[in-house]
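Structure, as structure tokens:
Note on naming: letters A, B, ... go to the chains in the order of the sequence lines (proteins, then strands), and numbering restarts at 1 for each one.
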There are 2 protein chains.
Amino acid sequence: MDEQIYQKIARNTADDCITCPEERHCLWRTDPLSDSAGTEPATGFKHMRFTPGQAVVMAGYHFPYAATIRAGTASLTRSLSDGRSQIVGVLYPSDIFNSRPALASKYTITATTPLELCCLSEASLQHRLETEKALSRRLLERKLHDLQEARDWMFVLGRKTALERLASMIYTVAERYSHRRQRSPVGVELSLPLARHEIADYLGLTPETVSRNFARLRAAGILSTNSARLITIWNMRALMEATGNDEDGGPIF
Amino acid sequence: MDEQIYQKIARNTADDCITCPEERHCLWRTDPLSDSAGTEPATGFKHMRFTPGQAVVMAGYHFPYAATIRAGTASLTRSLSDGRSQIVGVLYPSDIFNSRPALASKYTITATTPLELCCLSEASLQHRLETEKALSRRLLERKLHDLQEARDWMFVLGRKTALERLASMIYTVAERYSHRRQRSPVGVELSLPLARHEIADYLGLTPETVSRNFARLRAAGILSTNSARLITIWNMRALMEATGNDEDGGPIF
DNA sequence: CGAATAATTGATCGGTATCAAGCTACGTGG
DNA sequence: CCACGTAGCTTGATACCGATCAATTATTCG
């Protein structure tokens, strides 16, 4: 897959960062404190859309852009030829992937909801990394955060029970979307970014076990499942307790 | 714990980067292509030693240095108050940790063998990040590598069997130390960086299960255990196959 | 409305945890 | 140098959680 193919996918020929819903958190934004602030309008972006289930990159292939998510969610998946697969990261709006576009991707990246990307070519990325001093620092901060997230999830996969894993995922999603979730009279309604089999691959479980543990959370009155993706959390406190995490992350003696 | 306490631990008052075994791979080295090359000799380092089992930092506490490993190994551990714990990373010579010394550590960092660190204070780190252009790029590359390692390990924890996990760990260690491992007439002898209970915490298993699977690898003639830490690998190919990984990491259709 | 796909529920199996008992290696002191 | 004690490692018996296989129900989409 080369750059030409992706040219055809691009829907927005004009750069519309001004109307971008993620403009404030976008890594590609020109820093107001930067030397080039104002002198050079944001340029060189390519916007792409993908439908749920559609692969953005296949493992082992080359995707010639570094990208941020404008809207929707995507998954990073590591697979084995025997069919086992594990989602090693879920990407939400403002997240970055493929930060070294020159190298082949080690993961398959798949849209899990309707997805909009904002892409920057290898050349543009290199140019901006050299001219915008703050960009590499911002990128480093972001990747340090991703690293911490990955390591936190290693604990979930290595040491938590099925119920704790599911509760952990739902709680994380609820926190991630806390600024935009819908409040119904009593509960908190939210749309999960993953289908059941994707949740299973994220939690290191089977879809059946995920289903059974949704049933347990329902039976405990913690949440209800309105449709496959849509749930209402009735007791956020109990959900938090079901994650198995300590009350506060403070030091332990 | 503040800087004064760590002053006392420091054994080497002089900067001996010239004699450092990791000098070639050290992140703190002054880049020969850098602007300040030669003008400013490496300075501001503090060397520390720790004995096996000794904690370098406790989770929730502050360690006022960014550090690289000169010699030995250390573990990054995430723990819960109910006793569950998971090693989320093993640090080898030339690895970096605590790259944001201003923040409290989320992990407990423990020496798993006799450990020698080369530490750089927050102030020195900031200074070097600002004056040495290449440093932040090198640090970013390093952290992107760590992130990939963490995600690869997520697959191990989420989807592999006990035997595959153990084989994966041993194979990784064998690769890591391939440049310095001892070759006996037939086998490859190597010293594991972790004790059994630490291996268990790294693999998301119990020490009993780890032991049983060492027995299985022994029975298969793949390796022998000379002492708790020292093993001889007789069949590297079979060990690789026991990891469950695909032959090559290429794309799958 | 009907077909295909996804999700749920049920029954059984198996792998790893747990509980318990030796064993081994190492350090300490006589 | 050896007796002893301790901690870590190994091995055994049993239990349980989640996987697997199978059937049913729900949902989505043409």
Side-chain angles (χ1 to χ4, degrees), chain A residues 51-54 75 80 82-86 110 112-114 156-170 191-219 223-231 242 244, chain B residues 51-54 75 80 82-86 110 112-114 156-170 191-219 223-231 242 244:
Chain A
T51 54
Q54 202 180 356
S75 63
L80 236 44
D82 65 8
R84 286 181 282 185
S85 75
Q86 174 69 43
T110 312
T112 62
T113 65
V156 172
L157 294 174
R159 291 304 186 192
K160 285 195 180 180
T161 65
L163 186 66
E164 288 171 338
R165 294 183 204 201
L166 180 58
S168 297
M169 191 225 64
I170 297 169
S191 174
L192 299 174
L194 303 173
R196 286 290 178 280
H197 74 276
E198 292 166 331
I199 295 176
D201 280 345
Y202 190 37
L203 303 181
L205 300 169
T206 59
E208 292 95 324
T209 302
V210 172
S211 238
R212 280 183 238 279
N213 284 283
F214 263 113
R216 289 224 274 160
L217 290 173
R218 257 184 273 123
L223 54 77
S224 48
T225 53
N226 314 336
S227 74
R229 295 278 187 124
L230 212 64
I231 65 170
Chain B
T51 54
Q54 202 180 356
S75 63
L80 236 45
D82 65 8
R84 286 182 282 186
S85 75
Q86 173 70 43
T110 312
T112 63
T113 66
V156 173
L157 294 174
R159 291 303 186 193
K160 284 194 180 181
T161 65
L163 186 65
E164 289 171 337
R165 293 184 205 202
L166 180 58
S168 297
M169 191 224 65
I170 297 170
S191 175
L192 299 174
L194 303 172
R196 287 292 179 279
H197 74 276
E198 292 167 330
I199 294 175
D201 280 345
Y202 189 38
L203 303 181
L205 301 168
T206 58
E208 292 95 325
T209 301
V210 172
S211 238
R212 281 183 237 280
N213 285 283
F214 263 112
R216 289 224 274 160
L217 290 173
R218 256 184 275 124
L223 53 77
S224 48
T225 54
N226 314 337
S227 74
R229 295 275 186 132
L230 212 64
I231 65 170

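- The CD1 atom of B:I231 sits 10.5 Å away from atom CZ of B:R218, with the distance rounded to the nearest 0.5 Å.
- The footprint of chain B on DNA chain C, defined by a heavy-atom cutoff below 4.0 Å, extends from C:dT16 to C:dC19.
- You'll find the side chain of B:Q86 reaches within 4.5 Å of the side chain of B:L157, heavy atoms only.
- For the segment residues 158-167 of chain A, residues with any heavy atom less than 4.0 angstrom from an atom of DNA chain D are, sorted by number, A:T161, A:A162.
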Exercise answer: donor-acceptor pairs, residues 192-202 of chain A side-chain atoms, under 3.5 Å, sequence neighbours excluded:
unit_1: A:R196; atom_1: NH1; unit_2: A:A228; atom_2: O; d: 2.8
unit_1: A:R196; atom_1: NH2; unit_2: A:A228; atom_2: O; d: 3.3
unit_1: A:E198; atom_1: OE1; unit_2: A:A195; atom_2: N; d: 2.7
unit_1: A:D201; atom_1: OD1; unit_2: B:R159; atom_2: NH2; d: 2.9
unit_1: A:D201; atom_1: OD2; unit_2: A:S85; atom_2: OG; d: 3.0

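- Taking 4.0 Å as the cutoff to heavy atoms of chain B, we find the contact window on DNA chain D bounded by D:dC9 to D:dA13.
- Here CD1 of A:I170 is found 5.5 Å from CG of A:L217. Values are rounded to the nearest 0.5 Å.
- Across A:R84 and B:T161, no two heavy atoms sit closer than the pair NH1-N, 4.3 Å.
- Among the heavy atoms of the strands lying under 4.0 Å from B:G204 are primed sugar atoms or P, OP1, OP2 only; no base atom is included.
- Scanning for side-chain contact (heavy atoms from CB on, under 4.5 Å) contacts around B:T110 gives B:S75, B:T108, with sequence neighbours left out.
- Side chain of B:T51 to main chain of B:Q54: no donor-acceptor pair is present (N/O by atom type, distance under 3.5 Å, no hydrogens or angles).
- Side-chain atoms of A:R229 and A:T113, non-hydrogen and from C-beta on, do get closer than 4.5 Å to each other.
- Scanning for side-chain contact (heavy atoms from CB on, under 4.5 Å) contacts around A:T209 gives A:A162, A:L205, A:T206, A:N213, with sequence neighbours left out.
- Between B:R212 and B:E208, the closest side-chain pair of non-hydrogen atoms falls below 4.5 Å.
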